[in-house]
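Heads up, the thing below is written out as structure tokens.
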2 protein chains.
Amino acid sequence: MAKDGEVAKPGSGGPFEARTRPPSMADVAEMAGVSSQTVSRVANNRSNVDEATRERVLAAMQVLGYRPNTAARALATGKFRMLGVISFGLNAYGNARTLEAIVAAAQDADYSVNVVSVRAQTESAVRDAFDRLTMQAVDGIILIEAQILDTPALRLPSGLPVVVVDGEESRRHPGVDTNQAEGARLATAHLLDLGHRTVWHVCGPQDSYAARRRAESWHRTLKAAGAPVPPLLYGDWSAASGYAAGLELAANPEVSAIFAGNDQMALGVVRALHEAGRSIPDEVSVVGFDDLAESAWFLPSLTTIHQDFEEVGRQCVALLFDQFRSGHATVHGATPVAPTLIVRDSTSAPPTS
Amino acid sequence: MAKDGEVAKPGSGGPFEARTRPPSMADVAEMAGVSSQTVSRVANNRSNVDEATRERVLAAMQVLGYRPNTAARALATGKFRMLGVISFGLNAYGNARTLEAIVAAAQDADYSVNVVSVRAQTESAVRDAFDRLTMQAVDGIILIEAQILDTPALRLPSGLPVVVVDGEESRRHPGVDTNQAEGARLATAHLLDLGHRTVWHVCGPQDSYAARRRAESWHRTLKAAGAPVPPLLYGDWSAASGYAAGLELAANPEVSAIFAGNDQMALGVVRALHEAGRSIPDEVSVVGFDDLAESAWFLPSLTTIHQDFEEVGRQCVALLFDQFRSGHATVHGATPVAPTLIVRDSTSAPPTS
DNA sequence: GCAACGAATGTTTGCGCCAACATCGCGGCG
DNA sequence: CGCCGCGATGTTGGCGCAAACATTCGTTGC
């Protein structure tokens with residue numbers, strides 16, 4: 001419209017001059033002298049189009065700057081080529097890394113990612129997030145870091161493929177699990193192997209599945225080794241909470257080995273020990289969990305459990321795609337992703353006193 | 001296919017049985033005994049609907065579990081209620097924090113967020129990301145952390161509102177700027193005020209606008225104070241690169257104050273100094289930039305420049321919404337967000353030797 | 001008492017695309 | 001030589017929704 005005579009507001013200042021609607025298939029079709037259906041075929045890379053015609057259509061698309069309208073395509077096909085990700089905060093290191101990997105894997109398959117962040121840890125907040133995504137039209141949903149919710153049985157709205165990362169819901173949906181238990185076993189066994197009589201544990205918050213699993217495995221590993229099981233200390237994943245726990249531990253001369261639930265808490269523990277004048281690793285050994293990019297540079301560099309978040313992201317997307325193809329959940333339960341032990345300078349044999 | 005004879009796998013085990021299409025307005029309309037247009041009016045909260053009718057429609061929606069189909073709505077209105085975010089990697093602390101804030105602000109306005117991650121730092125990669133988003137049908141785009149690209153003039157596809165965070169592009173588009181210059185000035189002046197003769201700087205990668213701006217401001221601040229300007233050291237934001245720079249600095253007895261381009265590099269610098277036996281802050285003071293959650297717990301806790309990423313995210317969304325309303329870019333140039341200096345234990349007056 | 005109005009609701013139309021079917025033309029085969 | 005089959009293309013219809021316009025009916029003003 002308004003294209004006759006005057007050009008649509010030439011140089012009217014705003015960067016998006018000419019709010020004329022973008023070219024549609026019909027425009028391309030007209031320019032290329034074919035039907036819009038042929039344009040559709042070219043756009044979708046169908047095989048049954050004559051090479052010469054295809055060239056012509058592609059050229060017209062190029063000239064007009066044609067971009068298919070995803071909304072129209074989605075409406076017509078019922079597919080959106082979009083994944084939804086629900087995460088409890090994006091800042092937590094693992095969540096950010098996992099999200100990045102999911103985005104990368106999705107992009108490789110020409111899917112985009114719609115991110116929703118849940119603030120409150122309630123069932124209704126998660127349900128809202130689901131509603132938001134189902135409205136926003138996604139083909140499947142990845143739920144990251146399902147924390148323990150206020151209802152025993154969160155009923156995720158069904159009818160949509162779902163993949164759960166590290167959550168309880170993997171009982172009902174395919175899931176990816178970072179094998180917390182194995183990581184905690186690795187950490188605990190490493191300290192035991194070094195000769196420590198037992199290992200103290202600073203656990204993550206009680207409403208975290210990951211924290212709970214790590215603690216359980218720590219407990220099992222100690223039992224299996226016949227080591228005494230010291231009382232559990234709780235933190236909230238933050239360095240501050242690790243510091244608080246570290247203060248307690250530093251006051252106890254019996255403590256020679258500590259397994260912190262994540263690297264941040266380990267950092268806090270290290271600081272508390274340092275302030276108490278207990279040297280690491282000579283007097284006390286500390287192991288973390290996650291392997292932050294910074295952990296190798298802490299003082300001392302931190303022995304920790306490395307998590308392969310890239311693999312977690314890839315697996316999530318793969319599991320979702322499996323469901324797209326098969327039309328239902330093929331794998332039940334969680335696909336494990338193995339963590340690895342990274343030994344650095346914060347652990348050593350106990351003092352020989 | 002294969003749908004004849006056999007009913008489509010009733011209760012075949014998958015969690016999404018009954019792939020029957022979700023209820024549409026027509027279904028709701030029929031149940032409520034009104035026209036679908038009235039349902040539309042209720043769904044969009046229009047005022048001119050009788051209260052009784054509205055109740056009836058809402059009840060029907062409830063019963064049927066009706067969710068508006070966003071694709072159809074978008075097709076009809078041309079609006080998508082979706083923001084696109086382009087980021088160079090999601091792991092970088094600032095990017096993750098900013099993204100989280102953007103998601104939160106968008107959700108508050110009932111918009112969703114489509115995230116695209118750019119891996120290569122080339123113009124074409126960014127252009128691809130734009131293409132991806134414009135195809136995926138977003139109403140506007142936020143470009144985070146525009147690194148210096150391989151072309152002098154990146155021409156962002158126009159016709160769509162854009163907001164740029166910390167990038168060169170804010171010359172052509174509204175932008176949000178974390179006021180790198182002010183942060184670097186605060187850091188440098190803090191060290192100078194403590195009595196240091198001059199301040200050495202470990203700069204971020206050369207292709208980062210943020211790094212360049214911090215370095216420029218550091219330089220200006222030194223000049224303004226009449227302090228000598230030592231040679232610039234380059235890192236790549238990583239702790240490893242900070243460590244490498246720190247090794248060099250530790251070998252130079254003249255160095256008493258270091259301003260690192262971010263907290264990770266500061267961590268590396270601290271480690272190198274520590275290994276060289278130079279005590280912090282007694283012999284050398286170190287200031288970082290960003291204020292990671294962990295920085296307060298480093299040994300020693302790190303003096304740094306705090307960035308308000310929440311505010312950045314909010315501003316981005318606000319600027320985009322402004323453009324939606326006005327139909328064009330109202331604000332040109334960057335909206336500054338002020339950083340603040342956080343003094344901790346890694347800085348002090350220089351040795352009195 | 002009647003025209004004019006406006007609120008509540010219905011009808012029509014088309015957004016851009018794709019699935020399904022229709023058509024056309026050409027070469028092969030009995 | 002005529003029919004079949006297949007590859008290339010065109011035509012029709014409808015996905016679910018909302019804008020624009022049409023209709024109904026109860027009010028108000030003079």
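The chains referred to below are lettered A, B, ... by the order of the sequence lines, with proteins before strands, and numbering in each begins at 1.
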Atom CD of E30(B) with >12 non-hydrogen neighbours under 6.0 angstrom | no
Would you indicate whether the side-chain heavy atoms of S40(B) and M25(B) approach each other to under 4.5 Å?
-> yes
Test item: D50(A) and R54(A) side chains (from C-beta on) under 4.5 Å apart, heavy atoms | no
Among dT11(C), dC17(D), dT11(D), the one nearest any side-chain atom of Q37(A) is dT11(D)
Between L90(A) and L99(A), is a side chain to side chain contact (heavy atoms under 4.5 Å, CB included) present by the stated rule, with each step listed?
-> CA-CA 8 Å; L90(A) 267 23; L99(A) 175 61; 4.2 Å; yes
Inspect the contact between E311(A) and R314(A) and indicate whether a charged nitrogen and a carboxylate oxygen are less than 4.0 angstrom apart.
-> yes
Would you please indicate yes or no on a ring centroid separation below 6.0 angstrom for Y111(A) and F80(A)?
-> no
Over how many whole Å does the gap from [X] atom [atom1] to [N] atom [atom2] extend?
{"X": "D27(A)", "N": "dG16(C)", "atom1": "CG", "atom2": "P", "value": "8 Å"}
{"X": "K79(B)", "N": "dG16(D)", "atom1": "NZ", "atom2": "P", "value": "24 Å"}
{"X": "N69(B)", "N": "dG16(D)", "atom1": "CG", "atom2": "C1'", "value": "6 Å"}
{"X": "M25(B)", "N": "dG10(C)", "atom1": "CE", "atom2": "P", "value": "13 Å"}

May I ask you to evaluate whether T38(A) reaches the phosphate of dG10(D), defined as a side-chain N or O under 4.0 Å from OP1 or OP2?
-> yes
Hey, is the side chain of R73(B) poking within less than 4.0 Å of OP1 or OP2 on dA18(D), counting only N and O atoms?
-> yes
DNA chain D contacts made by residues 41-58 of chain B, counting heavy atoms under 4.0 Å | N44(B), R46(B)
Report which part of the nucleic acid S35(B) touches: base, sugar-phosphate, or nothing (heavy-atom distance under 4.0 Å, all strands).
-> base
